[in-house]
Amino acid sequence: MKRLILMLMALVLLCNPIVCGRASAQSIPEDLTDEQNSGNAKNIVVYFSRIGEQYNVGVIEKGNTAIVAEMIAEATGADLYEILPADDHYPMTYKELTDVALQEQREGARPAIEGELPDLSGYETVFVGAPVWWGDWPMIMYTFFEGTPLSGKTLVPFSTHAGSGLSGFDRTLAAAYPDCTVEKGLAVAGTDAQKNPDKAQISVDKWLEELGF
Amino acid sequence: MKAKRRIIDAGMVILLPALMAYSLVGEMFHEIAGTLMLLLFLLHHWMNRAWLQNLFRGRYTAQRIFQTMLNLLLLMIMIALPLSGILMSKHLFAFLPTVNLASVARAIHLPLANWGLVLMSLHAGTHLGAMLPKGRGRTALLTVLSAVSAYGIYAFIKRQIPAYMFLKLPFVFFDFSEPIIFFFLDYLAVIVLFATAGYGMMTLLRNNKH
């Protein structure tokens, strides 16, 4: 009896992921723009972002959300996946973009995403971020939510905004994924991400620390 | 007749905090409540059409000047608010081809909604005198209203209403994790603040012949 117990204990110890599983140390991806699963990362940052003329930042060459997404990925060693529209009809001027965004919202549009949706089954935590468009996720995010069923994962929303904050992203994400846990989200002012990145970085770091990353 | 008027007025007062809550109570509800508010406003105006008819008649005391200016401002706001709301509607009026006017509509709707909150409350206050009890009841009630108003000043600033009024904040912020009762209580306090201020203004201007 004692030997049986000892054997079982040995088995349990041997199967402990620290001993025989993959390394749990965060790996820093070599190429942040690599959309494929880079092998070791337990987490991934999925995001949608726009360049061109945006609110109060002029014409930008890197999206506000992209900046924050990359900050999160670098701090956590997560993979990055950028949601790109299959048909990039989004205007490069701010007002016209807001018009298109509202029209999509009115229609309940589901703009197609370019390429195949990523296989997220290997990830534990999925960060999901986007700009706030008319108080909600851009409609393409709903294409992503509806096309990417997830369960048992931890989801963490983040937004870039011009005053409306997280805008209920955590609620809508939870509604899209009732079988996942949604953690506290982060809202970063677009102008901060773009023009005051140090301030944004501090917010990101503090938030990740609170979440336990 | 008077009771009907009071019911319509009460309806508008109840709708106001609900409207200010916008996405906290749901955008569809906001559009329905806004449409209802417009209807109540039209009814209110109809029932008080004598005001408009007598606009150029009679003597203008200081009180009447204040009330009339307030009402004219409110009239403009109560046209601009539903109009701008309809232009950017996502539900009830989304069938209208108005998308390209929506961003201008938003820039109008947000500040005017907050100006409307303040001015509607002031307006209600200017008519409060007739509705308050006399004597000690009046003093007691005014004491309570003043206490609530003091909190209302705090709520007014905390909710950043001046920032919305003066276009410092272009997009409205809501904390979805806050129990909504606190939102309503704060906005009710703001309504009481400006209603009491309106009543106070009328008292100050009393017997002041133009």
Side-chain angles (χ1 to χ4, degrees), chain A residues 53-57 64 89-91 93-109 130-139 142 156-175 182-192 207 210, chain B residues 19-31 33-34 84-111 113-114 158-180 182-183:
Chain A
E53 187 202 5
Q54 297 299 336
Y55 191 82
N56 255 3
V57 290
N64 301 330
H89 57 282
Y90 294 108
T93 47
Y94 180 69
K95 194 218 168 261
E96 285 67 33
L97 178 60
T98 62
D99 293 349
V100 168
L102 182 63
Q103 190 57 38
E104 284 185 350
Q105 220 181 72
R106 279 182 166 185
E107 290 167 358
V132 182
W133 282 6
W134 291 97
D136 196 0
W137 299 93
M139 289 294 103
Y142 287 99
V156 194
F158 64 98
S159 75
T160 49
H161 65 94
S164 62
L166 195 59
S167 311
F169 273 13
D170 45 358
R171 278 189 336 169
T172 39
L173 195 59
V182 177
E183 293 288 351
K184 179 167 174 255
L186 178 72
V188 177
T191 44
D192 282 346
W207 167 68
E210 281 170 17
Chain B
L19 280 169
M20 299 306 294
Y22 185 44
S23 28
L24 289 175
V25 289
E27 293 178 1
M28 167 68 105
F29 177 82
H30 178 83
E31 295 196 14
S84 54
I86 287 166
L87 288 176
M88 52 172 181
S89 166
K90 296 183 200 176
H91 302 283
L92 293 182
F93 304 98
F95 62 90
L96 293 170
T98 55
V99 161
N100 63 327
L101 294 169
S103 39
V104 172
R106 184 199 52 75
I108 292 171
H109 199 81
L110 180 57
N114 285 274
K158 184 181 92 180
R159 296 284 169 181
Q160 300 183 290
I161 296 171
Y164 293 127
M165 287 165 74
F166 295 100
L167 301 166
K168 292 291 197 295
L169 289 176
F171 297 92
V172 66
F173 170 80
F174 290 110
D175 178 1
F176 287 86
S177 62
E178 179 193 40
I180 202 169
F182 296 135
F183 181 93

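Sequence lines set the chain letters: A, B, ... in the order given, protein chains first and strands last, and positions in each chain run from 1. Nothing here was measured: the structure is a model prediction, and the numbers come from that model.
Residues passing the side-chain hydrogen bond (donor to acceptor under 3.5 Å, both in side chains) test with B:Ser84 are B:His109, sequence neighbours excluded. By the ring pair (Phe, Tyr, Trp, His ring centres under 6.0 Å) test, A:Phe158 pairs with no residue at all, sequence neighbours left out.
Going from atom OG of B:Ser177 over to atom CG of A:Leu166 covers 9.0 Å, rounded to the nearest 0.5 Å.
Only the backbone of B:Val172 comes within less than 4.5 Å of a heavy atom in chain A; its side chain stays farther off. Of the atoms belonging to B:Phe173, heavy atoms from both backbone and side chain fall under 4.5 Å from chain A.
Legend: side-chain hydrogen bond (donor to acceptor under 3.5 Å, both in side chains) pairs involving residues 85-102 of chain B, not counting sequence neighbours, sorted by first then second residue: A:Gln105-B:Lys90, A:Arg106-B:Thr98, B:Glu27-B:Lys90, B:Glu31-B:Ser89.
Within 6.0 Å of atom NZ in A:Lys184, 12 or fewer heavy atoms from other residues, nucleotides or ligands are found, so the atom counts as exposed in its surroundings.
Near-neighbour residues of residues 159-169 of chain B relative to chain A, defined by a heavy atom under 4.5 Å from a heavy atom of that chain, are none.
A heavy-atom distance below 4.5 Å is not found between the side chains of B:Ser103 and A:Tyr94.
Annotation for A:Ala162 and B:Pro170: closest pair O-CG, 3.7 Å, computed over non-hydrogen atoms.
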